[in-house]
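Note: hydrogens, waters and symmetry copies are ignored here, and every other heavy atom, side chains too, is used. From a predicted model like this one, the values you see are computed outputs, not experimental measurements. Numbers restart at 1 for each chain; the letters A, B, ... are given by sequence-line order, proteins then strands.
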Protein chains: 2
Amino acid sequence: MDLDDTDRRILRVLQKQGRMSNADLSDQVHLSPSACHRRVQRLETEGFIRGYVALLDARKMNMPTTVFVEITLSAQADEVLEAFEKAVSRIPDVLECHLMAGTADYILKVVAEDTEDFARIHRQYLTRLPGVAQMQSSFALRTVFKTTALPV
Amino acid sequence: MDLDDTDRRILRVLQKQGRMSNADLSDQVHLSPSACHRRVQRLETEGFIRGYVALLDARKMNMPTTVFVEITLSAQADEVLEAFEKAVSRIPDVLECHLMAGTADYILKVVAEDTEDFARIHRQYLTRLPGVAQMQSSFALRTVFKTTALPV
DNA sequence: AGTGAAAAATTTCACTC
DNA sequence: GAGTGAAATTTTTCACT
């Protein structure tokens with residue numbers, strides 16, 4: 001299915017304010033409430049919209065520390081990758097896990113309360129990951145910005 | 001303000017389903033609708049909940065490619081950092097920008113349609129960023145998982 | 001914090017153009 | 001596709017326990 005400009009306007013708005021009422025949304029995109037609602041439903045059922053989430057304030061929640069962890073495995077066989085990924089997915093503080101091209105096999109994005117808390121996560125979880133040959137952690141001093149919104 | 005277990009349950013649910021109705025939410029967290037609604041309002045006004053957003057399917061939206069770009073600047077004076085950050089914030093395909101400790105000064109998370117599209121973004125935007133000494137791009141072959149939900 | 005109820009707003013749907 | 005209007009549901013408030 002193709003998206004027209006109106007669909008894209010809807011997605012731009014909902015990526016910023018996912019709980020905006022259909023009445024307000026229809027105003028912003030210059031549609032009647034019913035036409036707008038039909039489009040949103042289609043975008044949902046066709047899978048363009050994966051879902052709606054509340055975003056929490058990491059500082060308020062006492063998780064202001066972000067660490068990127070680059071990991072190289074000792075082997076690249078499918079079973080090794082699978083075992084690694086399965087173990088990673090059980091660590092609550094890991095928000096993202098990407099399989100990379102090039103030298104590092106994986107990049108993890110980890111959040112923690114502070115450096116000490118990251119040390120705990122490292123000790124408790126990261127050192128126990130299977131198949132790891134090398135690991136390098138880089139701390140974010142400050143997150144300049146972070147958005148969940150794809151450019152549409 | 002401190003959060004109790006009920007607050008944390010509310011946040012866990014809303015981080016997964018941000019548009020759940022207050023009635024359903026109050027069921028899930030074992031509260032009456034009014035008590036639940038009172039708590040959600042407090043979590044919003046106190047700033048624990050920063051907002052609600054729709055999450056789009058990157059594949060459906062034709063932006064399935066994620067690239068991490070590590071950048072070292074030629075100087076670290078405040079004005080250099082500011083100019084760099086200001087320029088970065090104008091690039092639509094950059095979803096995150098983190099100031100890092102250690103060797104690389106910044107890590108950017110960039111999304112693109114494919115490698116060719118990333119080449120365009122690189123040419124059009126990244127090569128024109130001010131104060132850049134070194135830049136290294138790493139492609140994600142596959143995103144194992146990605147979540148916006150903080151552990152609470 | 002819970003209950004119950006009323007008021008306001010939103011969502012949903014059948015129908016029409 | 002889009003618009004209209006009415007019904008169904010949900011949200012929001014409130015007084016009271």
Report, one line per pair, each donor and acceptor closer than 3.5 Å where one atom sits in a side chain of residues 87-98 of chain B; sequence neighbours left out.
{"residue": "B/S89", "atom": "OG", "partner": "B/K86", "partner atom": "O", "Å": "2.7"}
{"residue": "B/E96", "atom": "OE1", "partner": "A/K109", "partner atom": "NZ", "Å": "3.1"}
{"residue": "B/E96", "atom": "OE1", "partner": "B/H98", "partner atom": "NE2", "Å": "2.6"}
{"residue": "B/E96", "atom": "OE2", "partner": "A/K109", "partner atom": "NZ", "Å": "2.8"}
{"residue": "B/E96", "atom": "OE2", "partner": "B/K109", "partner atom": "NZ", "Å": "3.3"}
{"residue": "B/H98", "atom": "ND1", "partner": "A/T143", "partner atom": "OG1", "Å": "3.0"}

Give the table of side-chain donor-acceptor pairs shorter than 3.5 Å for residues 111-121 of chain A, with sequence neighbours excluded, one pair per line with atom names and distance.
{"residue": "A/D114", "atom": "OD1", "partner": "A/E116", "partner atom": "N", "Å": "3.1"}
{"residue": "A/D114", "atom": "OD1", "partner": "A/D117", "partner atom": "N", "Å": "2.7"}
{"residue": "A/D117", "atom": "OD1", "partner": "A/R120", "partner atom": "NE", "Å": "3.0"}
{"residue": "A/D117", "atom": "OD1", "partner": "A/R120", "partner atom": "NH2", "Å": "2.7"}
{"residue": "A/D117", "atom": "OD2", "partner": "A/E113", "partner atom": "N", "Å": "2.8"}
{"residue": "A/R120", "atom": "NH1", "partner": "A/Q124", "partner atom": "OE1", "Å": "3.3"}

Tell me which donor-acceptor pairs under 3.5 Å the side chains of residues 29-41 of chain B have, and how far apart each pair is, sequence neighbours excluded?
{"residue": "B/S32", "atom": "OG", "partner": "B/A35", "partner atom": "N", "Å": "3.2"}
{"residue": "B/R39", "atom": "NH1", "partner": "B/D4", "partner atom": "OD1", "Å": "2.8"}
{"residue": "B/R39", "atom": "NH1", "partner": "B/D4", "partner atom": "OD2", "Å": "3.0"}
{"residue": "B/R39", "atom": "NH1", "partner": "B/D7", "partner atom": "OD1", "Å": "3.0"}
{"residue": "B/R39", "atom": "NH1", "partner": "B/D7", "partner atom": "OD2", "Å": "3.4"}
{"residue": "B/R39", "atom": "NH2", "partner": "B/D4", "partner atom": "OD2", "Å": "3.1"}

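Considering only side-chain N and O atoms, B/Q41 lies nowhere under 4.0 angstrom from the phosphate OP1 or OP2 of D/dT11. Contact annotation: A/R39 does not reach the phosphate of D/dG1 (side-chain N/O to OP1 or OP2, under 4.0 Å).
Residue A/R19 is out of contact with every strand shown, counting any heavy-atom pair closer than 4.0 Å. Within the nucleic acid shown, A/S21 comes within 4.0 Å of sugar-phosphate atoms alone, with no base atom in reach, counting heavy atoms only.
Residues B/M20 and B/V13 meet the side-chain proximity criterion, which asks for heavy atoms closer than 4.5 Å.
Distance CG (A/L25) to P (D/dA2): 13 Å, rounded to an integer number of Å. Distance A/N22 CG to D/dA8 P: 19 Å, rounded to the nearest Å. Between the CG atom of A/L31 and the C1' atom of D/dG3 there is a distance of 10 Å, rounded to whole Å. Atom CZ of A/R42 is separated from atom C1' of D/dA2 by 13 Å (rounded to the nearest Å).
Judged by distance alone, with hydrogens and angles left aside, the side-chain atoms of B/D105 form a donor-acceptor pair with the main-chain N or O of B/L73 at under 3.5 Å. Side chain of A/Q136 to main chain of A/V69: no donor-acceptor pair is present (N/O by atom type, distance under 3.5 Å, no hydrogens or angles). With hydrogens and angles disregarded, no donor-acceptor distance shorter than 3.5 Å links the side chain of A/R19 to the backbone of B/R19.
Protein chain A touches strand DNA chain C; the 5'-most and 3'-most nucleotides with an atom under 4.0 angstrom of its non-hydrogen atoms are C/dT10 to C/dC13.
The shortest heavy-atom contact between A/V67 and A/S137 is CG1-CB, 3.9 Å.
The base of D/dG3 sits within donor-acceptor range of the side chain of A/R38, with an N or O pair under 3.5 Å.
Legend: residues meeting side-chain hydrogen bond (donor to acceptor under 3.5 Å, both in side chains) with B/Y106, ordered by chain and number and at least two apart, are B/E85.
When the C1' atoms of four end pairs are superposed on the next four at each end of the helix from C/dA1-D/dT17 to C/dC17-D/dG1, using five pairs per end, the two resulting axes differ in direction by 30°, to 10°.
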